[in-house]
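For reference, the structure discussed in these notes is given below.
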Amino acid sequence: MRRQPNALRIAIALLVTATLVFGAIAILRSLGGGGRPLSASPMLLPVTDDNQTSVMGDGLVSFDGQKLFALTAQGRTKWSQPLSNPNASLSASDSLAVVYTQTQIYIFDDTGKLTFSDKVNETIRQVRCGKTHVAVLTEGETPSVRVIDKEGRFIDAKPFQGVSVLDFGFYTDTDQLYSMTLDAYAATPYTAVTTYEPGKLTTGQITFADELIYRAVFHKNSAAFVGTQNVTWAAQAAAITETGKTLVYGRQSMAQGVYNDRIYLALAPVDEAERESGVQTLYLQTADSQREVHLPVRAPFVCIFQDAVFAVGPSAVMRVPLAEGAVTQRDLPLHVERVLGVTRLGSLVVSSGGSLYSLALQ
């Protein structure tokens, strides 16, 4: 009978030890240490990194010089169209895919239907796709952005006399157009961001004479303009009206996204952003808040999807909630060399060893 207390003490000691060990593991994981495998294995896609590939809707579209084809995030072929032109480039949105050369353009919808193809008189420099429209930046005596619908009907043309076009495109999944230009020859050089409703007049413009703006983010009636010194927050209705500034000198924008109708930016110190090994410090910025986050390992690639920032390192994916919460880390059974993007349903498309894979983020 005297052995029972000793047995009880041993059982209690083992229970306490197990509790401490598992508690320590849980704390380490909540702090980002000790990665755990992804719940779903990476899916090998039937496409190589030699192709031109872009995220499109809930999957991706790829061009190999001989055909244009669309895949689901699981690698199933949705459609395929023969198109032989090894020197052509690819641009895509959730709704449209465009293959183009300097003088030719082919427009496909998300079912693979060729909706328009023709030669272009001016030299094509770049193409951007919207929901039902395509914007084409052409070179010439006066560079311009020509807007056509997916059937090739002319909608509008925006000439850019005496300025350099830094960027142009459509708001996410819309046909609202913007341009970002630099006038380096003005008495005081300035950057201008202009918004348009294709086929109608300019809807808004904001200029910056004290810094270079390199990124514009739009969502409904709000906007953010990221510069070398500040993020300028704005409201856009009949015009673009500045509502505030956040000093970000020494930081570089890595990703942008929208959650609960708020624009979020993920920024990093410039010296980290320029390293090939990636960043380890992130600043999650909104118009009225900032949060500093330290990643457990360096990550060259950063994106925002739904309610979190995802930082992708060579062998791990880290999740940072946009709201308060711990950084979690998940190990990858492959070496990530490049991130192509995130599909509409949350599959990360990455390159590894010359092949492409999809990884479910959630």
Side-chain angles (χ1 to χ4, degrees), residues 89-107 115-186 188-209 212-227 232 234-242 256:
S89 300
L90 172 68
S91 178
S93 65
D94 280 352
S95 308
L96 299 175
V98 173
V99 176
Y100 64 97
T101 66
Q102 289 188 335
T103 57
Q104 183 85 30
I105 187 168
Y106 306 86
I107 302 177
T115 60
F116 175 74
S117 67
D118 202 0
K119 289 188 177 292
V120 178
N121 293 330
E122 294 134 325
T123 301
I124 298 174
R125 195 166 120 202
Q126 285 181 312
V127 172
R128 298 284 189 270
C129 300
K131 191 172 186 179
T132 61
H133 290 65
V134 172
V136 182
L137 176 61
T138 60
E139 295 178 342
E141 287 188 14
T142 302
S144 67
V145 170
R146 297 172 60 86
V147 181
I148 58 177
D149 67 15
K150 65 180 182 180
E151 282 81 28
R153 289 184 287 264
F154 174 80
I155 304 297
D156 208 346
K158 305 295 180 184
F160 296 100
Q161 181 73 45
V163 297
S164 301
V165 180
L166 301 179
D167 191 20
F168 72 103
F170 296 95
Y171 300 10
T172 303
D173 200 33
T174 72
D175 286 321
Q176 293 293 109
L177 185 69
Y178 74 91
S179 67
M180 187 187 302
T181 58
L182 171 66
D183 189 341
Y185 301 102
T188 302
Y190 66 91
T191 309
V193 180
T194 308
T195 57
Y196 314 91
E197 186 173 347
K200 299 183 180 179
L201 298 176
T202 298
T203 55
Q205 185 178 76
I206 185 169
T207 59
F208 303 86
L212 177 67
I213 301 299
Y214 63 90
R215 181 158 298 169
V217 187
F218 301 92
H219 175 67
K220 294 184 178 178
N221 294 324
S222 60
F225 306 101
V226 188
T232 300
Q236 50 173 358
I240 299 176
T241 307
E242 180 182 322
Q256 63 281 328

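We number each residue from 1, following the sequence as shown.
- Atom CZ of F154 has more than 12 heavy atoms from other residues, nucleotides or ligands within 6.0 Å.
- In terms of the ring-ring contact (aromatic ring centres under 6.0 Å, His included) criterion, F168 has no residue partners (sequence neighbours excluded).
- Between S144 and P159, the shortest heavy-atom contact is CB-CA, 3.8 Å.
- Among all heavy-atom pairs drawn from T207 and A192, the shortest one is CG2-CB, 3.9 Å.
- Separating the OH atom in Y214 from the CG atom in L182 is a distance of 15.5 Å, to the nearest 0.5 Å.
- By the neighbour-count criterion of 12 heavy atoms within 6.0 Å, atom CD of Q102 is sparsely surrounded, having that number or fewer from other residues, nucleotides or ligands.
- Closest approach of E197 and T203 over heavy atoms only: N-CG2, 3.8 Å.
- Residues E122 and E139 approach most closely at CB-O, 3.7 Å, considering heavy atoms.
- Here the OG1 atom belonging to T132 is positioned 7.0 Å from the CG atom belonging to D149, to the nearest 0.5 angstrom.
- Going from atom CG of N221 over to atom CD1 of I240 covers 11.5 Å, rounded to the nearest 0.5 Å.
- Considering OG1 of T194 and OH of Y196, their distance stands at 4.0 Å, rounded to 0.5 Å.
- In this structure the side chain of V136 reaches within 4.5 angstrom of the side chain of I105, judged on heavy atoms.
- Nearest heavy atoms, M180 versus I213: SD-O, 3.2 Å.
- When only modelled atom types and interatomic distance are considered, Y178 and D167 share a side-chain donor-acceptor pair under 3.5 Å.
- Judged by distance alone, the side chain of Q104 and the main-chain N or O of D118 form a donor-acceptor pair under 3.5 Å.
- When every heavy atom of G169 is checked against every heavy atom of L177, the shortest pair comes out as O-CD1, 3.1 Å.
- A search for ring-ring contact (aromatic ring centres under 6.0 Å, His included) contacts involving F116 returns nothing, not counting sequence neighbours.
- Atoms CD and CZ, from Q176 and F218 in turn, are 10.0 Å apart once rounded to the nearest 0.5 Å.
- The local environment of CD in E151 is crowded, with over 12 non-hydrogen atoms from other residues, nucleotides or ligands closer than 6.0 Å.
- At least one donor-acceptor pair closer than 3.5 Å links the side chain of S93 to the backbone N or O of G130.
- Between D175 and K150, none of the side-chain N atoms (NZ, or NE/NH1/NH2) sits under 4.0 Å from a carboxylate O, so this pair counts as no salt bridge.
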